[in-house]
Colleague: 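Could you have a look at this structure, given as structure tokens, before my questions?
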Protein chains: 2
Amino acid sequence: MYKIEINDFFTSAFSVDCVIFGYSDGEIKALLIQRGMEPYTHFWAIPGDLVYPSEDLPDAAQRILHELTGLENVEMHQSRTFGSPNRHPQGRVITISYFALIRISDFEIKASSWAEKAMWVSLNDIPELAFDHNQILSSTYELLKQKLNNEPICFEMLEQRFTLNEFQQLYEYAFDQTLDKANFRKKIKALPLVPSNESQKNVRHRPAKLFSFDYEKYSSAVQEDNFQFKL
Amino acid sequence: MYKIEINDFFTSAFSVDCVIFGYSDGEIKALLIQRGMEPYTHFWAIPGDLVYPSEDLPDAAQRILHELTGLENVEMHQSRTFGSPNRHPQGRVITISYFALIRISDFEIKASSWAEKAMWVSLNDIPELAFDHNQILSSTYELLKQKLNNEPICFEMLEQRFTLNEFQQLYEYAFDQTLDKANFRKKIKALPLVPSNESQKNVRHRPAKLFSFDYEKYSSAVQEDNFQFKL
DNA sequence: ACTAATTATTGTTTTTTTTACAATAAGTAA
DNA sequence: TTACTTATTGTAAAAAAAACAATAATTAGT
């Protein structure tokens, strides 16, 4: 039998894939790029690329997302790792997926490097993607939904100021159920939402008040009062 | 500037680390090995090793756990991935941690390959471990605790037959709180626990009845009635 | 300025779940 | 048979969630 040497192990590469979620027009969307490079040329894909041999993973995620889509300063969190031996045609490449939620309107996306296009795509309209990216995307979306119930991350994808209805509709979309408006408002009474002076514009009915989420109040409530977000 | 070539990327390795939890004497324990190999010789560590270039990750986890500790047929689930550039002194090695819960009494552990010893260590007595294994262990324990609340995995570490008190004590240990006995029993009324004819032995008081968890009933309840485990 | 339309916002009652606490039953060992 | 200890069941109070209803506020159009 062939004895495997230590150097035989150091023949792999790894990549990060950045699953970026946003919310607009009542739908959750993911940021995708069109590949302008072998393999899977012209396929749509999650923005991702190989990690430099001496680069830390979170740094790589930031760099790669920026190179491909122009997004800067997006803090991402680790999702899952995908490592089937044949997932990449050019060799053994393990990919670590990262994810983040952003406000679509706060960023300008701009395809660059080897990305031909970059585009927000509704989760209802995801085409066949390169590699195992369909699996990565759906698995990360499951993680997102789980976190929506336990962490106040929805405010990262809502507009900075939002109506309570918009807040509610995001949850109704994600969990595919309608919620009682009155009870929803009672539930969120515990959250540090601060009302602004402004209201909705350009609606032909009583405009709703705009709220924003107070992150500072939230984190001190977590620390001091052992508060736990739960929806 | 030096231009990086595709082959420069294929110079990394990756490993899996198998965090195995068990429960005995009222304490959650982890299975550790003592390393008989460079680097970190004689340090205690989570069982883990490099993955073969064409090996799938779950297979690697099974193989490596078996080689080092003798454990066979332990189904593991993915935890997190750790990839700091300097976490391994011999090169860039990313590690994917897997975890499983097992019944300590069902398995015989036996150190082999380059493991000098293998031993169950209470989570209260974890020494300084090799590499970043302390971080891996505590991060995986957090994941375990989260899952304890939402999935019936505790029965994988309890004896096949257990008293309701043992069941309760496991949760009291994990979440460091005392629970009301009467209320705990009401809560678990929804679970498919089947009473056996036998009772505790060798106790100087009324012995408790032994129960076991019916996995089949559980999974059909999940599918048919949309049942959800929650504690 | 008035009206119709629409939605925001608040309130009340009912039901369910959780919590706290108490009482009883059952088995062991002496 | 008795003392002891724990298992098991029950009940009442408190809190949370769900269902439903009513009122208030604002805009657009006449």
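Because only heavy atoms are used, hydrogens play no part in the values below, and waters and symmetry mates are left out as well, while side chains stay in.
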Colleague: Quick check: on DNA chain D, is the nucleotide nearest B:F211 upstream (toward 5') of the one nearest A:P207, or the reverse? Name the residue that is more 5'.
Modeller: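 The 5'-side residue here is B:F211.
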Colleague: Would you say C:dA8 has OP1 or OP2 under 4.0 Å from some side-chain N or O of A:N165?
Modeller: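 Yes.
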Colleague: Is the distance between the ring centroids of B:F131 and B:F82 under 6.0 Å?
Modeller: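 Not under 6.0 Å, so no.
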Colleague: Does the distance from a Lys or Arg side-chain N to an Asp or Glu carboxylate O, for A:E198 and A:R161, drop under 4.0 Å?
Modeller: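 Yes, A:E198 and A:R161 are salt-bridged.
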Colleague: Would you say CD of A:E75 has more than 12 non-hydrogen atoms from neighbouring residues, nucleotides or ligands within 6.0 angstrom?
Modeller: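 For A:E75, atom CD is not crowded (no more than 12 foreign heavy atoms under 6.0 Å).
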Colleague: In whole Å, I'd like the distance from the CZ atom of A:F184 to the P atom of C:dA8.
Modeller: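 The distance from CZ of A:F184 to P of C:dA8 comes to 13 Å, rounded to the nearest Å.
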Colleague: Which residue lies toward the 5' end of DNA chain D, A:K186 or B:K186, if each is placed at its nearest nucleotide?
Modeller: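 Going by which nucleotide is closer to the 5' end, it is B:K186.
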Colleague: Atom CD of A:Q169 and atom C1' of C:dT7: how far apart are they, to the nearest Å?
Modeller: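 Roughly 12 Å, once rounded to whole Å.
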Colleague: Which nucleotide in the set C:dC21, C:dG11, C:dG27 lies at the smallest distance from any side-chain heavy atom of B:A182?
Modeller: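 Nucleotide nearest to B:A182's side chain: C:dC21.
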Colleague: For a quick check of understanding: with a heavy-atom distance under 4.0 Å over all strands, which category does B:K209 fall into, base, sugar-phosphate or nothing?
Modeller: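 B:K209: backbone/sugar contact only, no base atoms under 4.0 Å.
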Colleague: In Å and rounded to the nearest 0.5 Å, what is the CG to CG distance from B:L148 to B:L101?
Modeller: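 Reported value, rounded in 0.5 Å steps: 7.0 Å.
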Colleague: Between C:dG27, C:dA8, C:dA20, which one does the side chain of A:R185 approach most closely?
Modeller: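 Closest nucleotide among those given: C:dA8.
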Colleague: Nearest to the side chain of B:D180, which nucleotide is it out of C:dA20, C:dA25, C:dT6?
Modeller: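 Nearest to the side-chain atoms of B:D180, counting from C-beta on, is C:dA20.
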Colleague: Which two nucleotides bound the region of DNA chain D that has atoms under 4.0 Å from heavy atoms of chain A, read 5' to 3'?
Modeller: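 Listing 5' to 3', DNA chain D meets chain A from D:dA18 to D:dA28.
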Colleague: What's the NE2-C1' distance between B:H205 and C:dG27, to the nearest Å?
Modeller: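 That distance rounds to 10 Å.
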Colleague: If I take atom CG from residue B:L57 and atom OG from residue B:S15, how far apart are they, to the nearest 0.5 angstrom?
Modeller: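 B:L57 CG to B:S15 OG: 10.0 Å, rounded to 0.5 Å.
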Colleague: Give the rounded distance in Å between these two atoms: NZ of B:K201 and P of C:dA29.
Modeller: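 It works out to 11 Å between those atoms.
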Colleague: May I have the distance from A:I188 (atom CD1) to C:dA8 (atom P), rounded to whole angstrom?
Modeller: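 In whole Å, C:dA8 P and A:I188 CD1 are 12 Å from each other.
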Colleague: Hey, mind stepping through A:K230 and A:N149 against side chain to side chain donor-acceptor pair (under 3.5 Å) and telling me if it holds?
Modeller: CA-CA 6 Å; A:K230 198 91 195 83; A:N149 276 323; 5.7 Å; no
Colleague: Using heavy atoms to find the nearest nucleotide of DNA chain C for A:N183 and A:A208 separately, return the residue whose nucleotide is more 5′.
Modeller: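 Between the two, 5'-proximity favours A:A208.
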Colleague: Between B:E128 and B:N134, is there a side-chain donor-acceptor contact under 3.5 Å, judged purely by atom types and distance?
Modeller: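 No.
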Colleague: B:K230 has an atom NZ; how far is it from atom P of C:dT18, in whole Å?
Modeller: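 Distance, rounded to whole Å: 10 Å.
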